[in-house]
Amino acid sequence: MGKETLIKGIAAGALVGGLLTLFDRDTRIFVAENLKNCGDKSAYYAKNPADAIHQLNEGYAKCSQQLSSGLTTALDMLNQLQEITKKIDNRDSK
């Protein structure tokens, strides 16, 4: 019961806070422009789902490549660190 009350309170507070910010003219203009852009993009992708899939694939490929590159760099750094520690161990054991 307490969990539901907390979630309802947070949602109500966010709603009231959002409505209060709309008293500012610049905020209203910003929200209206972004809602219009969002609606336009939604309508475009609803009419052209192939473009949405293509853009998702491109984004996935870009993220995958960046992740792969980062992992390769991290592995290279770990290998270098391992070589350095081996050299230090060999020097200390002599």
* To do: Measure the OG1-CG distance between Thr85 and Leu78 for me, rounded to the nearest 0.5 Å.
  => 10.5 Å
* Asked: If you round to the nearest 0.5 Å, how far is CG of Asn57 from CD of Gln55?
  -> 10.5 Å
* Enter the distance from Lys86:NZ to Asn90:CG here, rounded to the nearest 0.5 Å. => 9.0 Å
* Among Asp26, Leu22, Thr21, which one satisfies side-chain contact (heavy atoms from CB on, under 4.5 Å) with Val31? -> Leu22
* Distance from Leu35 atom CG to Asn37 atom CG, nearest 0.5 Å? -> 9.0 Å
* To do: State the CG-CG distance between Asp51 and Leu56, to the nearest 0.5 angstrom.
  => 11.0 Å
* Asked: To the nearest 0.5 Å, what is the distance between CG (Leu15) and CG (Leu20)?
  -> 9.5 Å
Identify every side-chain donor-acceptor pair in residues 60-72 under 3.5 Å, counting partners at least two apart or on other chains, and give the distances.
{"residue": "Thr72", "atom": "OG1", "partner": "Ser68", "partner atom": "O", "Å": "2.9"}

* To do: Evaluate the criterion side chain to side chain contact (heavy atoms under 4.5 Å, CB included) for residue pair Ile84 and Lys87; output intermediate values, then yes/no.
  => CA-CA 5 Å; Ile84 291 170; Lys87 289 179 183 178; 5.7 Å; no
* To do: Look at atom OH of Tyr45 and say whether more than 12 heavy atoms of other residues, nucleotides or ligands are closer to it than 6.0 Å.
  => yes
* **Under 4.5 Å side-chain linkage, directly or through intermediates, the cluster mates of Met77** => none
* To do: Answer yes when Asp24 and Arg28 have at least one side-chain N-carboxylate O distance shorter than 4.0 Å, and no when they do not.
  => no
